[in-house]
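Reviewing the structure listed below.
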Amino acid sequence: MPNRSVRHEAIQAISATQPVGGRVCYTDESIREIYCEHVFNDTVQRQRLPKTIYKALQKTITIGAELDADIADAVATAMRDWAIEHGATHFTHWFQPMTGLTAEKHDSFVQPLPDGDVLAQFSGKELVRGEPDASSFPSGGLRATFEARGYTAWDPSSPAFILENPNGATLVIPTMFLSWTGEALDKKTPLLRSMEALSTQALRVLRLFGNNTAQRVFTTVGAEQEYFLVDRRFYFNRPDLVNCGRTVFGAQPPKGQELDDQYFGAIHERVLAYMAEVEYELLRLGVPIKTRHNEVAPSQFEIAPTFETANLATDHQMLIMETLKKVAGRHGLACLLHEKPFAGINGSGKHNNWAVCTDEGENLLEPGETPHANAQFLVFCAAVCRAVHKYAGLLRLTVTGAGNDHRLGANEAPPAIISIFLGEQLSDVFSQIEKGQAKRSKKADAIKIGISMLPKLPRDAGDRNRTSPFAFTGNKFEFRAVGSSQSVAGPNTVLNTIVAESLDVIATELDKATKGGTTSLNEAVQELLPRLIAEFKPVLFDGDNYSEQWHAEAEKRGLPNLRSTVDAVPLATSKESIALFKTYGVYSKRELQSRQEILLENYALNITIEAKTASLMARTMFVPAAYKYQSVLAEAIRYARELGVESPEQMETLKDLVSEMSGATTAYKDLDQLLAEEDDDILKHAKRMHGKVLGKMLELRNHVDALERMVDDEIWPVPTYREMLFVR
């Protein structure tokens, strides 16, 4: 039958597919030559810019000094010449609007001359500012359709780079995106503001500890990216994957991840060829990729870079996602970044590893050998814990979305309750401080393997907790609730801001206590820390975050349990949130209101698209396939009766089939009716999508998935889980 041939021809073609090679060769070019090959980084700037211009640019990058027009012109000229040497004909201001993706508008370097010749031009004005249309991006009311003007503003701290295409190259300039009225229309601007706020407050604390040389404190981020790969022939035969990024239907395969044989397993040769090319492309763009491996679910993988400054890490994270998708097509694959593309197996996250460092290279979250005696570390660690406890709801807000709602709380992701895992050593230190004074830090003995030829393996002072949403992992915190498709800008903006607020409180109290010289800093810290620990103690939990006992305990402790996006989003415009972000200059009230509206609108739109896709697929693909099988089955029963054979089992099968068909038909009609209803405000609309539409979609799915388990495999119209997850 035609449907069978489409699926089985795809499987036959996939079975004959060979890994795509020949695109990566480190013998012709060393990694050293490849790394940052397409980046206008510090090395290139030093080589191409006059010394005075270079120093002025570095001053702008490191301490935020204003860049005058002459310097911008000189940088633009050098950048243009470098880009043209790399084959670039156009430049673009690359920004991150509230779509959650990136955006770009390409302009040519070519300027026609009156005599018919052309000139390659690129001025400082064009480098520093662009003017895309601001009315067609999500703005949450900040820009109306008739208010089109918006500006992109160069971010010198994130170096420009070359993006190649099959027929040329483009100079890409990372920028911010602002409205004509100066409000942030993007994710980068608030992130940069939050980094400034944290630096200001962290320096206040460092000055109290006698550090008078550090000029800037910044946060570093290393975001681990999880993703799925499926063959493109399967992908394009699944309208739900194409339109929604996830399967809204699909019966569970006989084998999923039960055997735990996927995680860290041998990487399939076709996938490894793809990974190698992704890394090659990213290395040329200066993205420092460190790790690749199989993840827990079948056809799920992970890529992880090393730590970088938060805004650069955010830019590189967006490049990672774009590169994963772009390179997949060259290998006949489709990369799925949705948080839950397949039901019943692990979804994908983006573990956000976050640390605080000075411009002198000191990690302020490094506990050292004796954390109980490291007062500076304890103060900064306590500031983070206090911030997470006080603003747990805001952190939960940063990871909201229709996709991540499917993932949070499942077996592969932390629950929606935000808590902190400190580990045995730090938990013990804080417990000692709360009771009076810390006198010791627990030490870990070496691991005894019992094999004489091997040296003793050092054991970390504490274990890891994969169920915790916010865990201390040696010298950093890991925020594990971020979704795989999400930008890390939002979570880090909030994390920076709330920690800045805690550091502000701590610096103010310590300064007040030590002013006049009657109280030493050490005495002031010893008096302050027990109070802070008593305040944030409810958020500390080192046990199993999946257990029912913890959920009950968290409720007793008063920790918020914001189970869905519609529960969390209203926190964006609470009085506490508005006051917090206004105080530290990160978001204005209007900017917060706009983001709340965008989050709710995107949530409702995503579910609407999924529901329409589900209804259409059920109506035009699955129920018709069931009718075909019903005809075949009914004809077989009729023929058997003519031969004098009665089979109650056959009749029961037919009745079950008809029952599921009827259930599916009723469900998609009900779904259509729900989608036709209107609501008078966006919050009510989002709540109805969550409360009614998702439930009806699940009801429809249950009927269709039951049909998949009943209908003749030759008739079933789409690739199944057992094929997409295991056939490579």
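Just so you know, residue 1 is the first one in the sequence shown, and it goes up from there.
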Can you label the angle between the F91 ring and the F122 ring as parallel, tilted or perpendicular, going by 30° and 60°? tilted
Mark yes or no for whether N363, through its side chain, and N475, through its backbone, hold a donor-acceptor pair below 3.5 Å. yes
Contact summary for W82 and R48, nearest pair of heavy atoms: CD1-NE, 3.5 Å
Is a side-chain N or O of R701 found less than 3.5 angstrom from the main chain of G250, in a donor-acceptor match? yes
With a 4.5 Å heavy-atom cut-off, do M321 and S487 have their side chains touching? no
Report yes if the side chains of V75 and L57 come closer than 4.5 Å at any heavy-atom pair, otherwise no. yes
Which distance, rounded to the nearest 0.5 Å, do you find between the CG of L185 and the CD1 of I598? 8.0 Å
Looking only at heavy atoms, what is the nearest atom pair of G401 and Y603, with distance? C-CD1, 4.1 Å
Check: K340 side chain, I345 main-chain N or O, donor-acceptor pair, under 3.5 Å: yes
State yes or no: are the ring centers of F264 and H293 separated by less than 6.0 Å? yes
Keeping R238 on the side-chain end and P719 on the backbone end, is there a donor-acceptor pair under 3.5 Å? yes
Begin from the C-alpha positions of V718 and F249 and carry the test side chain to side chain contact (heavy atoms under 4.5 Å, CB included) through to its verdict. CA-CA 10 Å; V718 299; F249 300 107; over 6 Å; no
Could you check whether any side-chain heavy atom of K188 comes within less than 4.5 Å of a side-chain heavy atom of P174, counting everything from C-beta outward? yes
Residue pair R80, L127: steps toward the side chain to side chain contact (heavy atoms under 4.5 Å, CB included) verdict: CA-CA 10 Å; R80 177 203 64 196; L127 169 63; over 6 Å; no
Of the non-hydrogen atoms in F479 and I418, which two are nearest, and what is the gap between them? CE1-CD1, 4.2 Å
Straight-line distance of M79 CE to L49 CG, nearest 0.5 Å: 8.5 Å
Under 4.5 Å between any side-chain heavy atoms of L725 and Q262, yes or no? no
Please check if the number of heavy atoms outside E269 that lie under 6.0 Å from its CD is greater than 12. no
Which donor-acceptor pairs under 3.5 Å do the side chains of residues 324-337 make with protein atoms, sequence neighbours left out?
{"unit_1": "R330", "atom_1": "NH1", "unit_2": "E277", "atom_2": "OE2", "d": "2.7"}
{"unit_1": "R330", "atom_1": "NH1", "unit_2": "E281", "atom_2": "OE2", "d": "3.0"}
{"unit_1": "H331", "atom_1": "NE2", "unit_2": "E277", "atom_2": "OE1", "d": "2.7"}

Check whether any side-chain heavy atom of N496 lies under 4.5 Å from a side-chain heavy atom of L191, and answer yes or no. yes
Restricting to non-hydrogen atoms, name the atom on G100 and the atom on M318 that form the minimum distance, rounded to 0.1 Å. O-CE, 3.3 Å
Taking the inter-plane angle between the rings of F301 and Y227 on a 0 to 90° scale, is it parallel (under 30°), tilted (30 to 60°) or perpendicular (over 60°)? tilted
Consider only side-chain N and O atoms of Q300 and S348, and report whether a donor and an acceptor are under 3.5 Å apart. yes
Please check: side-chain N/O of S158 versus main-chain N/O of L312, any donor-acceptor pairing under 3.5 Å? no
Check: T720 main-chain N/O paired with E723 side-chain donor or acceptor under 3.5 Å: yes
Give a yes or no on whether the backbone of R407 and the side-chain of N404 come within a donor-acceptor separation of less than 3.5 Å. no
Residues in side chain to side chain donor-acceptor pair (under 3.5 Å) contact with R270, at least two apart in sequence or another chain: D231
Before giving the answer on salt bridge (Lys or Arg N to Asp or Glu O under 4.0 Å), spell out for R396 and D405 the whole-Å C-alpha distance, their side-chain angles and the decisive distance to 0.1 Å. CA-CA 11 Å; R396 171 66 179 92; D405 275 3; 3.6 Å; yes
With a 4.5 Å cut-off on side-chain heavy atoms, are V388 and L395 touching? yes
Counting N and O atoms only, with roles assigned by atom type, does the side chain of T175 sit under 3.5 Å from a partner on the main chain of W154, one being a donor and the other an acceptor? no
Positive for side-chain hydrogen bond (donor to acceptor under 3.5 Å, both in side chains) with K350, one of E302, E226, E224, Q317: Q317
Does the side chain of Q257 come under 3.5 Å of the side chain of N346 through a donor N or O and an acceptor N or O? yes
Does D107 reach the side chain of E126, with side-chain heavy atoms less than 4.5 Å apart? no
How many angstroms lie between OG1 in T314 and CG in N352, if you round to the nearest 0.5 Å? 8.0 Å
Between the main-chain N or O of I609 and the side-chain N or O of T613, is there a donor-acceptor pair closer than 3.5 Å? yes
Any side-chain donor near an acceptor of the partner, N311 and S157, under 3.5 Å: yes
So that I can tick it off, tell me whether E279 and K290 are bridged by a salt bridge, with the cut-off set at under 4.0 angstrom between side-chain N and carboxylate O. no
Full working for side chain to side chain contact (heavy atoms under 4.5 Å, CB included) between E37 and E29: CA-CA 11 Å; E37 179 185 5; E29 286 183 287; 3.8 Å; yes
So which atom in P159 and which in F40 form the shortest heavy-atom distance, rounded to 0.1 Å? CB-O, 3.5 Å
Heavy-atom side-chain proximity of E708 to W716 below 4.5 angstrom: yes
Straight-line distance of S484 OG to H338 NE2, nearest 0.5 Å: 8.0 Å
Relative to the ring of H38, is the ring of H86 parallel (under 30°), tilted (30 to 60°) or perpendicular (over 60°)? perpendicular
Do the ring planes of W354 and F477 sit parallel (below 30°), tilted (30 to 60°) or perpendicular (above 60°)? tilted
Any donor-acceptor N or O pair under 3.5 Å, side chains T152, H93: yes
Spatial distance of atom CZ (R233) from atom CD1 (I14) [nearest 0.5 Å]: 5.0 Å
Does the side chain of Q486 come under 3.5 Å of the side chain of E339 through a donor N or O and an acceptor N or O? no
Quick one, I303 with L282, criterion side chain to side chain contact (heavy atoms under 4.5 Å, CB included). Give me CA distance, side-chain angles, the key distance, then yes/no. CA-CA 11 Å; I303 182 172; L282 291 172; 3.9 Å; yes
Where E610 and C244 come nearest, the two heavy atoms and their spacing: CA-SG, 3.7 Å
Going by atom types alone, do D315 and Q96 pair a side-chain donor with an acceptor below 3.5 Å? yes
Quick one: pull up CZ in F177 and OH in Y151 and give me the separation to the nearest 0.5 Å. 11.5 Å
